[in-house]
Amino acid sequence: MDYLLKIDRNKTPKHVAIIMDGNGRWAQKQGHDRLYGHNFGVESVRESLKAAKEIGVQYLTLYAFSTENWNRPKDEVDGLMNLLVTSLANEIKELSEGGVRISAIGDLKGLPEACQNELIQAMNATNDNKEIHLNLALNYSAKWEITRAVNQLMASENLKLPVTSENIEKYLTTQGIPDPELLIRTSGEHRVSNFLLWQIAYTEFHFTDVLWPDFKREDFFKAVLDYQSRERRFGMLSEQLI
Ligand code: IPE
Ligand code: IPE
Ligand code: MG
């Protein structure tokens, strides 16, 4: 089925967020080590970015490494960090020419120096691009983000009580980016794993059993179609929405 043809371009989500999960299981099912799955996952990032661009999504936020992921075996953590550096280095030219603006959220100072440098280069090189914003969540967790926001707010000279939700939003790492309308999680897990807790207050969730390395363009469109089939009521009644 060609899902693309069914998508209503007037209802394209502005911001899609993805919890890219299942790389390890995908690799192990085939008798490979987990890093093999992470490597293949890069192709799914390309596919999703291409699909998002095709339908006019403006922001794509990808959960690439959580603060909890440091607890994995050292070999895997090192492999993931190397993959980040090599993928950014390999893709930067194409991303830049394709109008992709790269940004990152998370505790970036906690990343190895090589990753920080590659990220800074990628962000600088794509700073003026306008077609789509590719936002990488690295060393990110929502509880870290909200705690940091509260601390910054408390320390701010302009602090006025009572604090409003707008005040808090100004200190979130996603400041200036609209909340995601759609959150996709692959691999059959139905949880949020400390991702964007504040920003997903009214987000629609799409869960799929597809493992991340198998997630392709059509799967992205399928998720958007699922989103478009939902009625978003924001606390109101159906009849009030017409
Ligand atoms: C997602 O795949 C990638 C990261 C969390 C970095 P996993 O590595 O979590 O794969 P599974 O869930 O163990 O299969
Ligand atoms: C969430 O996946 C983090 C990323 C996709 C980067 P995990 O595989 O780490 O999540 P849990 O541990 O299964 O909740
Ligand atoms: Mg996982």
Side-chain angles (χ1 to χ4, degrees), residues 15-49 52 59-88 90-91 102-112 114-116 118-119 122 134-148 172-174 177 180 182-200 203 205-216 219-220 223:
H15 183 178
V16 177
I18 309 183
I19 302 175
M20 312 182 287
D21 199 15
N23 294 351
R25 277 165 283 168
W26 184 88
Q28 282 168 334
K29 265 197 339 197
Q30 302 171 57
H32 292 287
D33 64 14
R34 297 174 53 85
L35 275 172
Y36 183 82
H38 295 312
N39 279 309
F40 268 83
V42 177
E43 185 54 35
S44 299
V45 171
R46 262 191 229 109
E47 289 260 338
S48 299
L49 182 64
Y59 300 89
L60 182 67
T61 297
L62 303 179
Y63 204 6
F65 195 87
S66 72
T67 55
E68 286 80 15
N69 288 147
W70 294 111
N71 297 322
R72 293 191 179 192
K74 186 175 181 308
D75 281 2
E76 182 168 349
V77 171
D78 290 349
L80 280 165
M81 293 300 148
N82 286 336
L83 183 62
L84 174 67
V85 172
T86 51
S87 307
L88 280 172
N90 290 341
E91 306 287 330
I102 296 170
S103 59
I105 55 172
D107 191 0
L108 305 182
K109 295 248 178 323
L111 293 170
C115 292
Q116 292 187 45
E118 206 58 55
L119 264 176
L134 176 63
N135 188 30
L136 303 172
L138 291 162
N139 195 15
Y140 174 90
S141 78
K143 286 194 175 183
W144 163 81
E145 173 181 49
I146 294 168
T147 308
R148 171 183 171 273
L172 296 178
T173 55
T174 48
I177 300 179
L182 169 63
L183 171 69
I184 301 170
R185 183 168 187 150
T186 58
S187 89
E189 307 295 354
H190 296 186
R191 59 175 168 266
V192 173
S193 302
N194 218 345
F195 191 39
L196 302 178
L197 295 180
W198 178 282
Q199 298 86 341
I200 59 175
T203 298
F205 291 5
H206 174 86
F207 295 109
T208 170
D209 288 340
V210 174
L211 301 172
W212 180 248
D214 286 331
F215 190 87
K216 301 294 167 217
D219 299 293
F220 187 91

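Quick caveat, the model's predicted, so the values are computed rather than measured. Start at 1 and go down the list; that is how both ligands and their atoms are numbered.
With R25 contributing its side chain and L211 its backbone, the two residues share no donor-acceptor pair below 3.5 Å. Using a distance-only test at 3.5 Å, with no hydrogens or angles considered, a donor-acceptor pair links the side chain of Q116 to the main chain of L111. With D78 contributing its side chain and D75 its backbone, the two residues share no donor-acceptor pair below 3.5 Å. For the pair T86 (side chain) and L83 (backbone), a donor-acceptor distance under 3.5 Å is present.
Ring planes of Y63 and F195: parallel class, angle under 30° (limits at 30 and 60°).
Of the candidates R72, R25, E76, R34, R72 brings a heavy atom nearest to atom 9 (O) of ligand 1.
In this structure, the protein non-hydrogen atom closest to atom 1 (C) of ligand 1 is M20 O, 2.9 Å. The nearest protein atom to atom 13 (O) of ligand 2, hydrogens excluded, is given as R191 NH2, 2.8 Å; this is a heavy-atom distance. Atom 10 (O) of ligand 1 has G24 N, 2.9 Å as its closest protein atom, hydrogens excluded (heavy atom only). The nearest protein atom to atom 2 (O) of ligand 2, hydrogens excluded, is given as R185 NH2, 3.7 Å; this is a heavy-atom distance.
Contact between H38 and ligand 1 is present, with at least one heavy atom of the residue lying under 4.0 Å from the ligand. For the pair G22 and ligand 1, a heavy-atom separation below 4.0 Å is found.
When heavy-atom distances to ligand 1 are checked against a 4.0 Å cut-off, A64 comes that close only through its backbone atoms N, CA, C and O. If you look at A137 next to ligand 2, there are no close heavy atoms at all, none under 4.0 Å. Here F195 has no heavy atoms under 4.0 Å from ligand 2, in either its backbone or its side chain. Counting heavy atoms under 4.0 Å from ligand 1, residue N69 touches it through the side chain alone.
When all heavy atoms of E145 and T174 are compared, the pair lying nearest together is OE2-N, 3.7 Å.
The N, O or S atom of D21 with the smallest distance to the Mg ion (ligand 3) is OD1.
If you number the atoms of ligand 2 from 1 as listed, the ones under 4.0 Å from a heavy atom of F65 come out as 6 (C).
Donor-acceptor pairing under 3.5 Å is lacking for the side chains of T186 and D21.
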Counting only pairs under 3.5 Å, give me each side-chain donor-acceptor contact of residues 35-42, with atom names and distances, residues two or more places apart or in other chains.
unit_1: H38; atom_1: ND1; unit_2: N23; atom_2: ND2; d: 3.0
unit_1: H38; atom_1: NE2; unit_2: E76; atom_2: OE2; d: 2.8
unit_1: N39; atom_1: ND2; unit_2: L35; atom_2: O; d: 3.1

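With F205 as the partner, the side-chain contact (heavy atoms from CB on, under 4.5 Å) test is satisfied by one option alone out of L183, I184, I19: L183.
Considering backbone and side-chain atoms together, S193 places an N or O closer than 3.5 Å to an N or O of ligand 2.
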